[in-house]
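As structure tokens, the structure follows; a few thoughts come after it.
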There are 2 protein chains.
Amino acid sequence: MMTDSSQRVADAGLLADSIRLAGLKVTAPRLAVLRALSDSPHSNADALFGAVHSELPGTSLQAVYGVLAAFATAGLVRKIEPAGSPALFERRVDDNHHHIVCTRCSVVHDVECAVGHAPCLTPADALGFDVRAAEVIYWGLCAQCQLETTHP
Amino acid sequence: MMTDSSQRVADAGLLADSIRLAGLKVTAPRLAVLRALSDSPHSNADALFGAVHSELPGTSLQAVYGVLAAFATAGLVRKIEPAGSPALFERRVDDNHHHIVCTRCSVVHDVECAVGHAPCLTPADALGFDVRAAEVIYWGLCAQCQLETTHP
DNA sequence: TGGCTTGTTTTGAATTACTCAAAACAAATG
DNA sequence: CATTTGTTTTGAGTAATTCAAAACAAGCCA
């Protein structure tokens, strides 16, 4: 039976593998950022810095920015930038999912592409563009905030 | 027959009317910003400041930000914030159109909602959210940049 | 296994886009 | 025309991010 600690080691191995597979060197800050992102998807650089820093106190905020930039360029993480928010990062990549954001508390959740296949990826008139991606953000009130605004 | 200058005056009147109709006081900076936005939709605050400043040299950049914030709150303009870009503004409002952005030169064009009615406004699973809006941004290469990248 | 090369991180500073606050000013109303 | 209320100026401040040079470490090679 696999213990908690061997599980953690196995996880570290998987994290390291995916970093290596992306063509990047495996370093402690990179492992820590990737683990923090696994634990909390849709985190911003500052939140990740907080998580990483408690595990690896020498790590600088700039290192976290550097790690995230390298990961994003290598296709290991996806960067999303909802209006009015600092950039958020997630490990779910290459599956064309979208996001729903609460206008009150800013919580973000993943949502599958509304239509399964990709009609919303094809604009009515692409105006000569070679369209590579479609990004959809839904805005609304999350369940919790609906409660809190109707029972103030 | 309407002369160029009476046309300009008529335009100014229409601009003033729409500002007044939005419940805002009509001022020179507001008229100038609204005219600049009519001339160049998808402009950012800095570009608008440039246009306004040449017509009305006393105007400050902060005033432009103030005007745009008041317009956006009043529903007179729409603010869009594509990833990696400063906020852009446009007068087209309340018609649920979307945008297509060139990943190379950052030019922005309007596109109609891909499907006419609103299936893309309804996520597959709204996760308890009360969804109020869906924002779609298409990313790709504009016609010009396709040419310039294939004939370098 | 120890050096070498290349890529990564630290340290420190700078920049961009935007916001805040107080005082001066101007539009609209009667 | 005086007053009220909203707007703009002036000046400063902040958040998020980027840049650059030097120190450092990972992975390769002998």
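In this structure, B:Arg30 reaches the D:dT8 phosphate: one of its side-chain N or O atoms is under 4.0 Å from OP1 or OP2. Distances shorter than 4.0 Å separate none of the side-chain N or O atoms of A:Thr27 from OP1 or OP2 on C:dG7.
Residue B:Leu24 is classed as a sugar-phosphate contact, given heavy-atom separations below 4.0 Å to backbone atoms only. Heavy atoms of B:Ser60 sit under 4.0 angstrom from at least one base atom. As judged by a 4.0 angstrom heavy-atom cut-off over every strand, B:Ala87 is placed among residues touching the sugar-phosphate backbone only.
Within a 6.0 Å sphere centred on CZ of B:Arg132, heavy atoms belonging to other residues, nucleotides or ligands number 12 at most.
In this structure, the side chains of A:Phe129 and B:Leu141 stay at 4.5 Å or more apart for every pair of heavy atoms. By the 4.5 Å heavy-atom criterion applied to side chains, A:Arg20 and A:Asp17 are counted as neighbours. B:Cys142 is not listed as a side-chain neighbour of B:Arg104, based on a closest heavy-atom distance of 4.5 Å or more. Proximity of A:His99 to A:Tyr138: side-chain heavy atoms (C-beta onward) are nowhere separated by under 4.5 Å.
In this structure, B:Leu21 places its CG atom 16 Å from C1' of C:dA28, rounding to the nearest Å. Atom-to-atom, NE2 of A:His53 to C1' of C:dT10 comes out at 12 Å; the value is rounded to the nearest Å. Here the P atom of nucleotide C:dA26 and the CG atom of B:Leu31 are 16 Å apart, to the nearest Å. Atom OH of B:Tyr65 is separated from atom P of D:dA15 by 16 Å (rounded to the nearest Å). Per the geometry, CD belonging to B:Glu81 stands 14 Å off C1' belonging to C:dT19, to the nearest Å. A:Leu61 has its CG atom 9 Å from the P atom of D:dT17, to the nearest Å.
Between atom CG of residue A:Leu48 and atom CG of residue A:Leu37 there is a gap of 5.0 Å, rounded to the nearest 0.5 Å. Atom SG of A:Cys105 sits about 8.0 Å away from atom CD of A:Gln144, to the nearest 0.5 Å.
Looking at the side chain of B:Gln62, the nearest of the listed nucleotides C:dT10, D:dT17, C:dC20 is C:dC20. Ranking C:dA27, C:dG7, C:dT19 by closeness to the A:Lys25 side chain, first place goes to C:dG7.
Here the closest non-hydrogen pair linking A:Val136 and A:His98 is O-CB, 3.3 Å.
Near-neighbour residues of DNA chain D inside residues 38-52 of chain B, defined by a heavy atom below 4.0 Å, are absent. For DNA chain D, no neighbouring residue in residues 70-78 of chain B is found when judged by any heavy atom under 4.0 Å.
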Would you be so kind as to tabulate the donor-acceptor pairs closer than 3.5 Å made by side chains of residues 75-87 of chain A, with sequence neighbours excluded?
| unit_1 | atom_1 | unit_2 | atom_2 | d |
| --- | --- | --- | --- | --- |
| A:Arg78 | NH1 | A:His97 | O | 3.2 |
| A:Arg78 | NH2 | A:His97 | O | 3.3 |
| A:Glu81 | OE1 | B:Gly84 | N | 3.2 |

